[in-house]
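Since the structure comes first, as structure tokens, the remarks are kept for the end.
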Amino acid sequence: MTARGRTHTLRRLVEDGMYAVDPGAVAHAMAVRHAARALQPDLTFRSDEPRSRLRSFRADPHARSFRLTGRR
């Protein structure tokens with residue numbers, strides 16, 4: 001799923017009341033982030049950095065992936 005698709009899905013869930021968002025907690029997080037930037041101007045957050053399209057450690061994007069599971 002693309003970032004745009006995830007954003008659309010999350011927005012729809014919030015609007016439908018299926019995903020609760022606490023406005024007070026959001027406002028507090030925004031205030032804390034602003035205060036942190038005021039104290040440390042060169043501070044960066046993960047959301048500030050442009051996302052890399054590469055999300056795997058594999059050298060070849062077409063290489064098969066695997067998951068370790070207990071099932072056989």
Side-chain angles (χ1 to χ4, degrees):
M1 181 180 284
T2 65
R4 181 176 293 172
R6 286 189 299 268
T7 302
H8 177 72
T9 301
L10 183 57
R11 181 176 291 140
R12 193 175 66 235
L13 290 171
V14 170
E15 288 172 353
D16 292 346
M18 305 278 299
Y19 191 83
V21 175
D22 180 0
V26 172
H28 180 70
M30 291 171 66
V32 168
R33 184 175 174 137
H34 176 74
R37 285 190 191 273
L39 292 172
Q40 193 79 345
D42 58 342
L43 184 64
T44 60
F45 295 94
R46 283 183 52 192
S47 61
D48 293 340
E49 301 169 8
R51 293 196 178 244
S52 170
R53 294 196 63 94
L54 180 64
R55 296 181 62 188
S56 173
F57 64 89
R58 295 172 293 182
D60 179 9
H62 302 294
R64 293 183 58 143
S65 63
F66 63 94
R67 292 189 180 136
L68 298 175
T69 65
R71 293 184 290 166
R72 291 185 179 214

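The shown structure was predicted, so the numbers you read here are calculated from the model rather than taken from an experiment. Excluded from the calculations below are hydrogen atoms, water molecules and symmetry mates; all remaining heavy atoms, backbone and side chain alike, are included.
Here the CZ atom belonging to Arg37 is positioned 8.0 Å from the OG1 atom belonging to Thr44, to the nearest 0.5 angstrom. Met18 contributes atom CE, which lies 12.5 Å from atom CG of Leu10 (distance to the nearest 0.5 angstrom).
Between Gln40 and Asp42, the closest side-chain pair of non-hydrogen atoms falls below 4.5 Å.
At distances below 3.5 Å, at least one donor-acceptor pair connects side-chain atoms of Asp22 with backbone N or O atoms of Gly24.
Hydrophobic clustering of Ile, Leu, Val, Met, Phe, Trp and Tyr side chains at less than 4.5 Å, counting indirect connections, unites Met30 with Val14.
Few gaps surround CZ on Arg33; more than 12 heavy atoms of other groups in view lie less than 6.0 Å from it.
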